[in-house]
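Following: one structure in structure tokens, then a few remarks.
All residue numbers refer to positions in the sequence shown, counting from 1. Side chains included, hydrogens not; waters and symmetry mates left out as well; all remaining heavy atoms used.
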Amino acid sequence: MATSGNATVANKQVILRDYVTGFPKESDLIFTDSTIDLKIPEGSKTVLVKNLYLSCDPYMRIRMGKPDPGTAALAPHYIPGEPIYGFSVSKVIDSGHPDYKKGDLLWGLVGWGEYSLITPDFSHYKIQHTDVPLSYYTGLLGMPGMTAYAGFYEICSPKKGETVFVSAASGAVGQLVGQFAKIMGCYVVGSAGSNEKVDLLKNKFGFDDAFNYKAEPDLNAALKRCFPEGIDIYFENVGGKMLDAVLLNMKLHGRIAVCGMISQYNLEDQEGVHNLANVIYKRIRIKGFVVSDYFDKHLKFLDFVLPYIREGKITYVEDVVEGLENGPSALLGLFHGKNVGKQLIAVARE
């Protein structure tokens with residue numbers, strides 16, 4: 001509720017109760033009321049935004065854990081008692097920054113709330129193309145799209161006719177990697193965790209084949225069935241047993257882009273990989289990456305992908321939850337495979 005002069009408004013936020021071990025629970029994230037001033041103080045270079053869409057992404061689970069040197073290299077951890085943050089599509093309400101003005105639309109990192117105060121940096125971009133759904137900037141045209149583009153093209157160096165396997169293939173990143181591979185003229189197979197998602201991969205995204213990993217008693221056999229001649233490129237989103245099986249089925253000089261390992265994020269003792277010797281025998285190149293290393297290619301990415309969207313040659317499935325209060329359950333649903341497509345939260349439609 002606004003105060004006199006409409007200068008201060010209520011601002012619902014999602015904060016982290018405490019560091020998380022194991023699978024996170026909704027009680028780990030607290031939905032709380034605060035207030036925020038709608039005017040930027042004189043001389044400040046900050047920007048006040050109203051959040052329209054919030055992105056739910058698997059890497060956010062890593063930020064919920066206690067800081068350690070390994071994971072800190074990905075991104076700073078959340079601070080208990082403060083809002084969690086992630087990528088968002090937002091509208092500028094007031095600005096002390098010369099590059100942003102009231103009414104501008106942007107995507108970038110914000111705290112989870114109805115309103116956020118940000119200091120723009122390399123992770124914030126003004127939205128110039130509004131002939132496509134704004135929500136796409138949480139996915140297809142934002143961080144996940146950049147992730148798919150950088151991992152597939154910059155790391156895997158694909159060639160026409162190569163064989164490509166994508167795990168977690170119906171998610172925000174995987175569905176795009178598969179479509180990029182088809183555009184390249186590759187043979188593409190994906191794995192997902194339900195028959196519904198497998199149908200989506202084959203009938204919506206144009207994958208050549210797909211399988212439900214939960215219904216496969218032997219992942220090695222499943223991959224041999226789909227790739228009798230082996231795999232040239234693996235886009236890794238899962239880790240664990242899937243990575244072990246893939247290593248047995250890679251071709252000579254195969255490439256693996258390691259984007260994520262969602263099967264490991266909630267384990268206190270992570271699973272080992274037993275087939276790593278294949279990296280030597282088959283001269284496999286494995287490279288991990290973080291999308292922020294490739295943000296300088298954002299304009300190149302937009303030039304590449306926007307024509308395909310406008311021509312209907314790339315499709316994108318979103319799983320939209322309405323209301324910030326439903327954000328915690330939407331985010332945690334990622335780790336139980338509840339989402340179909342890109343998970344996001346519609347905080348405000350305008």
Side-chain angles (χ1 to χ4, degrees), residues 23 58 61 148 151-152 155-156 158 162-179 181-182 186-288 334-341:
F23 275 89
R61 168 61 187 87
F152 186 62
I155 293 175
C156 294
E162 289 192 312
T163 57
V164 177
F165 177 53
V166 186
S167 56
S170 68
V173 175
Q175 59 176 290
L176 292 175
V177 175
Q179 292 180 80
K182 289 305 299 178
C186 297
Y187 174 81
V188 187
V189 178
S191 65
S194 72
N195 292 335
E196 175 192 11
K197 293 177 181 179
V198 167
D199 288 342
L200 197 65
L201 293 175
K202 293 195 284 190
N203 300 321
K204 182 83 171 179
F205 301 135
F207 282 57
D208 295 290
D209 203 353
F211 62 88
N212 177 355
Y213 70 89
K214 293 179 180 177
E216 297 288 345
D218 184 338
L219 292 175
N220 179 31
L223 291 170
K224 279 186 165 46
R225 181 180 74 236
C226 295
F227 297 99
E229 304 298 321
I231 301 166
D232 289 301
I233 291 171
Y234 173 42
F235 199 97
E236 166 71 298
N237 290 308
V238 170
K241 295 179 177 64
M242 185 65 80
L243 176 57
D244 241 352
V246 167
L247 288 170
L248 293 174
N249 288 277
M250 292 296 291
K251 289 184 182 180
L252 283 176
H253 304 292
R255 289 88 74 202
I256 300 177
V258 184
C259 172
M261 291 192 173
I262 195 170
S263 72
Q264 306 301 300
Y265 295 159
N266 297 303
L267 302 180
E268 291 190 51
D269 295 313
Q270 297 197 0
E271 296 172 332
V273 178
H274 304 283
N275 297 320
L276 273 175
N278 285 276
V279 175
I280 306 167
Y281 311 148
K282 300 178 179 181
R283 294 75 141 178
I284 298 167
R285 188 176 79 233
I286 303 178
K287 182 173 174 60
L334 291 176
F335 307 106
H336 301 280
K338 292 183 178 179
N339 60 303
V340 178

Q | Gap separating the CG atom of Leu176 from the CZ atom of Phe152, nearest 0.5 angstrom | A | 11.5 Å
**Q.** Salt-bridge contact Arg255-Glu162 (side-chain N to carboxylate O under 4.0 Å)
**A.** yes
Q: Look only at the side chain of Lys251 and the backbone of Lys282, and say whether a donor-acceptor pair between them is shorter than 3.5 Å.
A: no
Q | Option among Val164, Leu201, Asp209 that satisfies the side-chain contact (heavy atoms from CB on, under 4.5 Å) test with Val189 | A | Asp209
(Q) Testing the basics here: between Asn237 and Ser167, what is the closest heavy-atom pair and its distance to 0.1 Å? (A) ND2-O, 2.8 Å
(Q) To the nearest 0.5 Å, what is the distance between CG on Asn220 and CZ on Arg225? (A) 11.5 Å
Q: Using a cut-off of 6.0 Å, state whether more than 12 heavy atoms not belonging to Tyr281 lie near its atom OH.
A: no
Q | NZ/NE/NH1/NH2 to OD/OE distance under 4.0 Å, Lys287 and Glu236 | A | no
Q: Answer yes or no: does atom CD of Glu271 have more than 12 heavy-atom neighbours from other residues, nucleotides or ligands under 6.0 Å?
A: yes
Q. Between Met250 and Asp232, what is the shortest heavy-atom contact and its length?
A. CE-O, 3.7 Å
Q: Give a yes or no answer on whether the side chain of Asp244 reaches the backbone of His274 with a donor-acceptor pair at less than 3.5 Å.
A: yes
Q. Which pair of non-hydrogen atoms, one from Val188 and one from Ala181, has the smallest distance, and what is that distance?
A. CG2-CB, 3.4 Å
Q: Please answer whether the main-chain N or O of Ile155 pairs with a side-chain N or O of Arg285 as donor and acceptor at a distance below 3.5 Å.
A: yes
Q) Can you name the nearest heavy-atom pair linking Ile233 to Cys156, along with the distance? A) CG2-SG, 3.5 Å
Q. Which heavy atom of Phe235 sits nearest a heavy atom of Cys259, and at what distance?
A. CE2-CB, 3.5 Å
Q. Should we count NZ of Lys241 as having more than 12 external heavy atoms under 6.0 Å?
A. no
(Q) Would you say that more than 12 heavy atoms from the other residues, nucleotides or ligands in this model lie under 6.0 Å from the NZ of Lys204, or not? (A) no
Q: Kindly assign one of parallel, tilted or perpendicular to the pair Phe227 and Tyr187, based on the angle between their ring planes and the thresholds 30° and 60°.
A: perpendicular
Q) Hey, which of Thr163, Leu219, Ile231, Asn275 is the one that makes side-chain contact (heavy atoms from CB on, under 4.5 Å) with Asn249? A) Ile231
